[in-house]
Asks: 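Attaching a single structure in structure tokens format; questions to follow.
Given the structure is predicted, the values throughout are model-derived calculations rather than measurements. All values below come from the heavy atoms of this structure, side chains included, with hydrogens, waters and symmetry mates left out.
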Amino acid sequence: MTAPQPTGTTMVPLARIAIGYNPRRYFDSKKHDELVASLRLRGMLQPILVRPAADAEDLYTVVAGGRRYRAAVEAFGADGEAPVIIRDMTDQEALEAAIDENDIRDDASETEQADAAVRVLAACQHDRAEAGRRLGWSRAKLERRLALANLSEAVKLALDERRIKVGHAELLAAVPSDKQDKALETILGAGLDIGKTRDLLMRVTQNLAEACFDKSECTTCPFNSGTQRALFETHVDDGHCTNAACFQLKTEAVEKVRLAEQERTAATEDVGDQDYDDQDGTEGDLGDGDDHDSQAVGGVEAAARRAALAPGAPSGRASSKSGGSANGPTVTAKSIAGRTLDLREATWRTALARGLADNAAHAHVAILVAALTGTLSQIKSSTLTARAALLVNPSFPDLGFGAKIEEIRDLSDTQAGTALSAIGAAYARDVQSFSHVADLARAFDVDIRPVWQVDRAYLERYTKDELKFIARECGLISHLGEKAFAKRLGGKKADLITGMLNAAGFEWAGRLPSAMTLDGQYGAPPATAAASDSPVGALAA
């Protein structure tokens with residue numbers, strides 16, 4: 001764009017000026033009153049930038065100076081005059097000038113810039129490089145503002161009025177728009193700070209490592225927390241989906257196909273087998289008659305054969321006993337852990353990364369140990385360089401090395417602590433040896449409970465015998481009773497899992513199966529785990 005030349009200052013009646021496009025969404029009433037008072041006292045010291053109206057002669061529209069125009073109308077009336085600079089400008093030139101005028105002021109709103117960025121991007125046929133050039137923004141700033149454009153109007157207004165902070169808005173930008181207003185009510189009603197908001201959102205996200213569906217589409221999805229992590233300093237942990245409805249739909253689609261295949265196979269292999277049906281309708285009571293006993297045994301064995309046909313099940317007929325199958329390997333904590341090694345490691349890396357991100361002192365220790373053991377270099381180079389603009393300032397990546405040194409030296413203690421925390425978190429994710437992750441997690445008493453709990457995706461990994469092992473060590477069988485659980489075991493695997501997750505009076509939260517712990521021992525819920533979950537429920541609603 002060729003910069004238009006000024007034509008000098010001219011006094012124009014306010015009645016001949018109309019408000020044009022203004023990126024501003026919110027005007028502080030107190031500051032407006034102060035500006036009106038100043039104009040009445042001293043007059044307008046800075047002219048308004050206008051351009052000729054396209055549809056009428058001798059009329060003008062404001063390009064820059066909307067606040068001054070509004071204040072002048074109140075201060076001088078419609079018959080008053082104001083100094084203006086008149087320029088011939090295209091719509092695009094006027095748009096960019098208005099955005100630039102507001103962007104360079106320190107009271108410009110992030111949401112105002114976000115909406116303006118959307119308009120410029122559309123004018124550039126969605127060429128982000130060109131949009132950034134026209135706006136004079138770095139690519140990182142453009143991406144952050146475009147992400148904030150996904151906020152609901154209520155959230156944007158709350159940020160404009162500073163009822164929430166930018167960190168709140170960054171977190172909510174990763175939540176589907178139809179959930180944001182409810183989440184905002186919870187944040188404002190409970191007075192949640194940014195850290196507590198992130199914790200609550202973490203508890204209602206889905207761990208992508210546990211997903212049973214193809215995750216190729218997730219890599220570029222805006223509801224993948226990894227996308228937000230690349231943009232914002234405030235974000236939920238990597239590898240989580242913030243769109244619970246989409247996650248559930250994809251999971252159910254996979255389960256439907258898998259169950260249909262299992263039923264077709266079972267129908268072929270087990271013609272004539274019947275699932276156990278409690279004759280008197282009393283859950284958990286197998287009765288005393290021989291007929292009931294034979295039905296129970298036959299139903300369990302038939303169900304076990306069907307479970308053996310499921311993907312990942314051990315070969316041979318499964319036994320109804322928790323020790324394992326008749327011809328297959330015995331079910332143990334170690335054998336179960338083998339099925340969930342990837343999830344276990346990913347979850348502990350996430351938990352450690354979160355712990356180090358929240359504690360600069362612990363992160364400092366981890367970095368020193370990593371450097372002195374020669375493993376610090378295992379952090380991927382792109383992990384931190386891609387976030388340098390967020391950790392220091394937006395212009396940092398474009399500076400020379402010497403200038404970068406000065407920028408780092410000028411960091412406040414808080415900023416330096418944040419950078420150290422980010423490096424520590426990156427090490428937790430990238431270090432090759434999981435034993436290093438485990439040792440650090442033990443040293444800092446890291447708990448995976450805040451980032452993981454038993455759910456359907458986790459239980460789907462296991463055979464029925466293994467599910468029985470988990471149910472026993474976690475106390476579910478003791479809670480239900482042996483006979484009641486045997487009845488559930490005799491049905492379909494999907495129904496068994498549903499029954500396990502929805503057992504009346506039993507809470508899975510805080511229970512760590514031995515397969516998920518570092519020492520291979522079952523982890524009971526902490527005594528202080530019970531707490532009100534109403535804010536979480538509100539966010540998940």
Side-chain angles (χ1 to χ4, degrees), residues 20-27 66 91-92 94-185 187-188 194 197-198 201 205 217-236 241-243 245-246 386-387 389-390 394:
Y21 168 71
N22 193 330
R24 286 294 175 88
R25 299 164 39 88
Y26 173 71
F27 296 89
D91 290 345
Q92 183 63 28
L95 169 64
E96 293 173 14
I99 292 171
D100 185 64
E101 162 73 11
N102 283 281
D103 187 33
I104 62 177
R105 296 179 180 275
D106 59 7
D107 58 347
S109 162
E110 296 84 0
T111 61
E112 292 163 352
Q113 293 178 358
D115 291 344
V118 171
R119 292 172 65 99
V120 173
L121 185 63
C124 296
Q125 285 72 51
H126 301 284
D127 184 334
R128 299 197 173 205
E130 175 62 15
R133 186 189 69 78
R134 291 189 183 185
L135 289 165
W137 294 353
S138 67
R139 182 62 179 268
K141 179 175 180 178
L142 176 65
E143 296 294 346
R144 290 198 299 272
R145 292 299 178 260
L146 289 173
L148 289 180
N150 295 324
L151 293 170
S152 70
E153 290 303 313
V155 176
K156 286 179 180 178
L157 181 60
L159 178 59
D160 291 339
E161 296 177 345
R162 297 310 185 201
R163 289 182 288 130
I164 60 173
K165 296 181 179 179
V166 176
H168 289 108
E170 292 175 347
L171 287 168
L172 292 177
V175 177
S177 57
D178 61 336
K179 306 292 185 184
Q180 291 179 15
D181 290 356
K182 185 66 175 179
L184 176 64
E185 291 178 9
I187 292 169
L188 296 176
I194 294 172
T197 299
R198 187 187 67 174
L201 287 177
T205 58
E217 293 182 353
C218 302
T219 56
T220 57
C221 177
F223 300 121
N224 183 334
S225 61
T227 302
Q228 294 296 310
R229 185 172 186 258
L231 293 174
F232 299 130
E233 180 178 346
T234 306
H235 52 78
V236 296
C241 172
T242 59
N243 191 342
C246 177
R387 294 164 176 77
L390 303 177

Asks: Please find the pair of heavy atoms, one from K156 and one from L148, that lie closest to each other, and give the distance.
Replies: CE-O, 4.0 Å

Asks: List the atom of L142, the atom of A131, and the distance in Å for their closest heavy-atom pair.
Replies: CD2-CB, 4.2 Å

Asks: If you compare all heavy atoms of I164 against all heavy atoms of A169, which two are closest, and at what distance to 0.1 Å?
Replies: CD1-N, 4.3 Å

Asks: Mind listing the closest non-hydrogen atom pair of A154 and L184 along with its distance?
Replies: O-CD2, 3.6 Å

Asks: Can you tell me how far apart CD (Q125) and CD (E130) are? Round to the nearest 0.5 Å.
Replies: 9.5 Å

Asks: For D127, which residues count as a side-chain hydrogen bond (donor to acceptor under 3.5 Å, both in side chains) partner, sequence neighbours excluded?
Replies: none

Asks: Which residue in the set D181, V175, L172 passes side chain to side chain contact (heavy atoms under 4.5 Å, CB included) when paired with S152?
Replies: D181

Asks: First locate atom CD1 of I187, then atom NZ of K165, and finally report the distance between them rounded to the nearest 0.5 Å.
Replies: 12.5 Å

Asks: Applying side chain to side chain contact (heavy atoms under 4.5 Å, CB included), run through L157 and R163 and close with a yes or a no.
Replies: CA-CA 9 Å; L157 181 60; R163 289 182 288 130; 4.2 Å; yes

Asks: What distance separates R145 CZ from T111 OG1, expressed to the nearest 0.5 Å?
Replies: 9.5 Å

Asks: Sequence neighbours left out, what passes side-chain contact (heavy atoms from CB on, under 4.5 Å) with A149? Give chain and number order.
Replies: A114, V118

Asks: Applying side-chain contact (heavy atoms from CB on, under 4.5 Å), name anything that partners E185, two or more places apart in sequence or on another chain.
Replies: K182

Asks: Side-chain contact test, heavy atoms from C-beta onward, threshold under 4.5 Å: evaluate it for V166 versus E170 and give yes or no.
Replies: yes

